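Let me begin by presenting the structure, written as structure tokens, before commenting on it.
As the structure is a computational prediction, the values presented were derived from the model and not from experiment. We name chains A, B, ... by the order of the sequence lines, and we start the count at 1 in each one.
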2 protein chains.
Amino acid sequence: MQTIDPNSTRGETWLARANLRPTRQRLLLADLLVGDGRDRHVTAEWLHDAARRSGDRVSLATVYNTLRAFTEAGLVQEITVDGTGSYFDTRVDDHPHFYWEDDARLTDAGTQPMEIVNLPAAPEGMEIAKVDVVIRLRAKG
Amino acid sequence: MQTIDPNSTRGETWLARANLRPTRQRLLLADLLVGDGRDRHVTAEWLHDAARRSGDRVSLATVYNTLRAFTEAGLVQEITVDGTGSYFDTRVDDHPHFYWEDDARLTDAGTQPMEIVNLPAAPEGMEIAKVDVVIRLRAKG
DNA sequence: CTCCGTGCAAATAGTTTGCAACCAA
DNA sequence: TTGGTTGCAAACTATTTGCACGGAG
């Protein structure tokens, strides 16, 4: 019987699920992303800073490469909301987002499943890969 | 009574509506955008090439500056679909788009008005500025 | 005549890549 | 050992900006 270390297990399992080699850097980033089981929407920049804050050091290029690897493995999904920068979402199903224009933050929108009536049908020979819904918010007033 | 030149009037009117000074470059780009009255989804690159093809010459920087000016004047709306490059849509109301992943093309989706049931409500103190809906298409099979 | 608009080149922001050193299997 | 991974710097792409010239009002 082995003791479970709550600090690293979650990220480790997560990486294993995608057959990604558990290197020091990947474990660190994985734990920052899913260590507490909460969904996250991060930018490469944010994740790089978070790694630093945690004391460890990872190069920015590696953060990008790693996020790309996670995306290709289906562990996260990439969301682009305005030309400058992508967000990576640890929740990978198709769901709507809030984009807070004032502070350039992305969060999940609501909790209830959303439904689109009269969703345009895919043209002949095409199929719908995904429907991106981004609700842009601004301060009222 | 004045004769109406169908080759330039539409773009001219369009610029006038936004109080934008009708320079040679702006008239050219405006006509390429709305000259035939059809809605268009263009990239800066495409518009720059189109200008060239038409014989006239406009610098790429001016194309960018001009598209920015048109956007700020509300003549077009900017749509970002994946990190690389923006599209500018001559139709400015809030409507859904098809994004053809295989050839990186953006078009209007369907003709019927779309409706979203259970659209998440804006959080306290916030209001919904816009709802971006992009339906990603890929070849079936 | 006075500014706004334009062109060019250089700057910028975000992201990717080449290559040598490194490390998990 | 060996091929996948990392770090750094340089390359890249899309876009913006500084500045001198030019044209619209």
Side-chain angles (χ1 to χ4, degrees), chain A residues 8 11-16 18-32 41-52 54 56-73 75-88 104-106, chain B residues 8 11-16 18-32 41-52 56-73 75-88 99 104-106:
Chain A
S8 64
E12 215 167 336
T13 310
W14 198 63
L15 288 180
N19 286 314
L20 287 174
R21 203 181 276 188
T23 64
R24 194 198 102 240
Q25 292 85 337
R26 286 182 175 171
L27 280 168
L28 167 64
L29 299 181
D31 280 331
L32 288 170
H41 303 80
V42 310
T43 59
E45 185 85 26
W46 183 92
L47 190 53
H48 184 235
D49 289 348
R52 272 208 146 148
S54 84
D56 265 290
R57 165 125 130 290
V58 189
S59 83
L60 183 55
T62 294
V63 171
Y64 275 108
N65 292 336
T66 302
L67 283 171
R68 182 102 358 258
F70 287 179
T71 303
E72 270 151 24
L75 293 176
V76 301
Q77 69 172 315
E78 185 173 5
I79 295 162
T80 306
V81 70
D82 64 352
T84 72
S86 311
Y87 292 81
F88 294 85
R105 203 158 42 90
L106 191 76
Chain B
S8 64
E12 216 167 334
T13 310
W14 197 62
L15 288 180
N19 286 314
L20 287 175
R21 203 182 276 188
T23 64
R24 195 198 101 240
Q25 292 85 339
R26 286 180 175 172
L27 280 169
L28 168 63
L29 298 180
D31 280 331
L32 288 170
H41 302 79
V42 311
T43 59
E45 186 85 26
W46 182 92
L47 189 54
H48 184 235
D49 289 348
R52 271 208 146 147
D56 266 290
R57 166 125 127 290
V58 189
S59 82
L60 184 54
T62 294
V63 172
Y64 275 108
N65 291 336
T66 302
L67 283 172
R68 182 100 1 253
F70 288 179
T71 303
E72 269 151 24
L75 293 175
V76 300
Q77 71 172 316
E78 185 174 7
I79 295 163
T80 306
V81 71
D82 64 351
T84 72
S86 310
Y87 293 82
F88 295 85
Y99 178 64
R105 203 159 42 89
L106 191 76

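Between A:Ser86 and C:dG14, a side-chain N or O to OP1/OP2 separation shorter than 4.0 Å is absent. Between A:Thr23 and the phosphate of D:dG4, there is no side-chain N or O to OP1/OP2 separation shorter than 4.0 Å. For the OP1/OP2 pair of D:dT6 and a distance below 4.0 Å, the side-chain nitrogens and oxygens of A:Ser59 include no atom meeting the criterion. In terms of phosphate contacts, B:Gln25 brings no side-chain nitrogen or oxygen within less than 4.0 Å of OP1 or OP2 of D:dG23.
In terms of position along DNA chain C, the nucleotide closest to B:Thr66 lies nearer the 5' end than the nucleotide closest to the other residue of the pair A:Phe88 and B:Thr66. Residue whose closest nucleotide on DNA chain C sits further toward the 5' end, between B:Arg21 and B:Arg24: B:Arg21. Each of B:Glu78 and A:Arg57 was assigned the nucleotide of DNA chain D with the nearest heavy atom; the assignment lying further toward the 5' end belongs to A:Arg57.
Taking atom CD on A:Glu12 and atom P on C:dA24, their separation rounds to 12 Å, with Å as the unit. In this structure, A:Leu28 atom CG and D:dT5 atom P are separated by 16 Å, rounded to whole Å. One atom, CZ of B:Arg52, and another, P of C:dG7, lie 12 Å apart when rounded to the nearest Å. Rounded to a whole Å, the CG atom of B:Asn19 is 18 Å from the P atom of D:dA24. If you measure from atom NE2 of B:His48 to atom P of D:dT13, you get 16 Å, rounded to the nearest angstrom. Rounded to whole angstrom, the span from the CG atom of A:Asp82 across to the C1' atom of D:dA14 amounts to 13 Å. If you measure from atom CG of A:Leu27 to atom P of D:dG4, you get 19 Å, rounded to the nearest angstrom. Atom-to-atom, CG of B:Leu60 to P of C:dT6 comes out at 14 Å; the value is rounded to the nearest Å.
Distance from the side chain of A:Thr84 is smallest for C:dG14 among the nucleotides C:dA25, D:dA9, C:dG14. Considering only the side chain of B:Tyr64, D:dT16 comes nearest among D:dG3, D:dT16, C:dC4. Set against D:dT15, D:dA14, C:dT17, the side chain of A:Asn65 has C:dT17 as its closest nucleotide.
Here B:Arg26 lies in heavy-atom contact (under 4.0 Å) with sugar-phosphate atoms only. Residue contacts for B:Arg68: at a heavy-atom cut-off of 4.0 Å it reaches the sugar-phosphate backbone alone, with no base atom in range.
In this structure, A:Phe70 and A:Arg26 approach most closely via the heavy-atom pair CZ-O, 4.1 Å.
Without hydrogens or angle criteria, A:Asp56 side chain to A:Ala51 main chain gives no donor-acceptor distance under 3.5 Å. Judged purely by atom type and a 3.5 angstrom limit, B:Thr62 has no side-chain atom pairing as donor or acceptor with the backbone of B:Val58.
The side chain to side chain contact (heavy atoms under 4.5 Å, CB included) test with B:Glu45 is passed by exactly one of B:Val42, B:Leu47, B:Thr43: B:Thr43.
For the residue pair B:Ser86/B:Glu78, the side-chain donor-acceptor check at 3.5 Å is satisfied.
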